[in-house]
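Below: one structure, written as structure tokens.
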Amino acid sequence: MLTEPRAGRLTAWGNALLAHLVPPDDAVAGIVGDDALHRVEGLPGEDAPVGLSLALGRLRALGATGLRLALPAPGHPLGLSGPAEFNARALEAEEAVVCHGVALGLVPEVYEAGPEGAGDAADVHVEVVWRCLPVREGPPADVPSLGEAERELAEALREATEVLTRLDVAASGPVAEAALDAYRARAERVHGRDALAPGYPPRAARVLRLAERVGLLVSLAYERGHGGAVSAGEMAARREALRPVERTARRAMVAAYNAAVEERHRG
């Protein structure tokens, strides 16, 4: 099911803090969300894990002027620039944050604990450790501009709808709307606003919402089982048809979360 990347929350609220648009407590609350605790390990000058507020302050002192999101997948190092160790850790986590202004990046490690067989997310205790590692300075891989992302998404949404209709997958209409409403309600409950933090242009929020919708269609298609695709060949055709649509949604999500940094440094 559609989920908000933790690296996205760190990127958005970290950018708002670095730009002096929110106080540290608000930024930390926006990043942590429903989790119990976030810490940062491996920060230069720190021998032990530290809290988010101290970590973001230290990154700013080291020269960080912004944060960028990376959402890599096998064969698609989206948002990464190396080196190999950082890329490998980011690929395993399927998300990372790369600093702008200092050659450091952060990769989340998620630890969950709770009663055996707990079906309620409220019963699960989640702690996140962000590993701080050196990165290679350079342009992030395959990240489009907001304008490019918006144009690509409009086409991807049409393609996704056509593919799902052709393959007889009920991943649109009321079911998709209900799932998206639940996702947005959670974001409102946790953040009190949209997933993006203060300092983001309205177009970024629009692109993110459309990326969520496209990603939701793809996610529901994978979760709905066979649908009308009853043969192995038809299942393979579905995966092949949806893969570029899913990639477009991830590229757009990265562009939206990175928009604050791109606009600030361009302007």
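No donor-acceptor pair under 3.5 Å is formed between the side chain of Asp26 and the backbone N or O of Val22. With Glu95 contributing its side chain and Ala7 its backbone, the two residues share a donor-acceptor pair below 3.5 Å. Using modelled atom types, no side-chain atom of Asp142 and backbone atom of Leu78 make a donor-acceptor pair closer than 3.5 Å. Judged by distance alone, the side chain of Arg60 and the main-chain N or O of Leu17 form a donor-acceptor pair under 3.5 Å. A donor-acceptor pair under 3.5 Å is formed between the side chain of Arg250 and the backbone N or O of Leu71. Within the 3.5 Å criterion, the main-chain N or O of Leu67 finds a donor-acceptor partner in the side chain of Asn15.
Between Tyr111 and Val128 there is no side-chain heavy-atom pair separated by less than 4.5 Å. Taking the side chain as every heavy atom from C-beta outward, Thr248 and Glu246 never approach each other to under 4.5 Å. No side-chain heavy atom of Arg206 sits less than 4.5 Å from a side-chain heavy atom of Leu210. Using a 4.5 Å cut-off on side-chain heavy atoms (C-beta onward), Arg251 and His76 make contact. Contact check for Arg6 versus Asp35: side-chain heavy atoms found under the 4.5 Å cut-off. Leu104 has its side chain within reach of Pro44: a pair of non-hydrogen atoms, C-beta onward, lies under 4.5 Å apart. In this structure, Phe86 and Val107 have side chains that are in contact, with non-hydrogen atoms separated by less than 4.5 Å. Contact of the Trp130 side chain with the Val97 side chain is registered, since non-hydrogen atoms from C-beta on lie closer than 4.5 Å.
From Leu80, atom CG reaches atom CG of Leu91 across 8.0 Å, with rounding to the nearest 0.5 Å. Atom CG of Asp25 is separated from atom OG of Ser53 by 7.0 Å, given to the nearest 0.5 angstrom. The SG atom of Cys99 sits 10.5 Å away from the CD atom of Glu137 when rounded to the nearest 0.5 Å. Taking CG from Leu59 and OG1 from Thr65, the interatomic distance works out to 11.0 Å, rounded to the nearest 0.5 Å. Taking SG of Cys132 as the start and CZ of Arg58 as the end, the distance is 10.5 Å to the nearest 0.5 Å.
Placement of Leu37 and Ile31 in two distinct hydrophobic clusters is found when ILVMFWY residues are connected by side-chain heavy-atom separations under 4.5 Å, directly or transitively. Follow the hydrophobic side-chain contacts under 4.5 Å out from Val40 and you reach Val126 in the same cluster. Note: the hydrophobic cluster containing Val32 also contains Val124 (ILVMFWY, side chain heavy atoms under 4.5 Å, direct or indirect links). No continuous path of hydrophobic side-chain contacts links Leu69 to Leu133 [ILVMFWY only; heavy atoms under 4.5 Å]. Put simply, Tyr257 and Val98 are part of two different groups of oily side chains (I, L, V, M, F, W, Y) that touch within less than 4.5 Å, one to the next.
In this structure, Ala16 and Pro198 approach most closely via the heavy-atom pair CB-O, 3.5 Å. Minimum interatomic distance between Ala90 and Pro72 (heavy atoms only, all atoms of both residues): O-CG, 3.5 Å. Minimum heavy-atom separation, Ala149 to Val207: CB-CG1, 4.2 Å. The heavy-atom pair separating Ala256 from Ala204 by the smallest distance is CB-O, 3.5 Å. Between Ala252 and Leu153, the closest heavy-atom pair is CB-CD1, 3.2 Å. The shortest non-hydrogen separation linking Ala211 to Ala249 is CB-O, 3.7 Å.
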Item checked: Stepwise side chain to side chain contact (heavy atoms under 4.5 Å, CB included) check, Glu4 with Glu212 -> CA-CA 9 Å; Glu4 179 187 13; Glu212 290 167 354; over 6 Å; no

Notebook entry, point to check: Can you check side chain to side chain contact (heavy atoms under 4.5 Å, CB included) on Arg68 and His100, steps first, answer last?
Noted result: CA-CA 7 Å; Arg68 289 190 172 105; His100 184 277; 3.0 Å; yes

Next item on the list: Under the side chain to side chain contact (heavy atoms under 4.5 Å, CB included) rule, what do Val28 and Leu56 come out as? Steps first, then yes or no, please.
Entry: CA-CA 10 Å; Val28 170; Leu56 288 168; 5.6 Å; no

Check: After noting the C-alpha distance and the side-chain angles of Arg89 and Glu85, does the key distance pass the side chain to side chain contact (heavy atoms under 4.5 Å, CB included) rule?
Finding: CA-CA 6 Å; Arg89 285 179 176 263; Glu85 180 185 358; 3.7 Å; yes

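Atom CD of Glu46 is surrounded by more than 12 heavy atoms from other residues, nucleotides or ligands within 6.0 Å. Taking a 6.0 Å sphere around CD of Glu94, one finds it holds 12 or fewer heavy atoms contributed by other residues, nucleotides or ligands.
Salt bridge Glu155/Arg158: present, at least one basic N to carboxylate O contact under 4.0 Å.
The only option from Glu148, Glu263, Glu150, Glu262 that meets the salt bridge (Lys or Arg N to Asp or Glu O under 4.0 Å) definition with Arg203 turns out to be Glu150.
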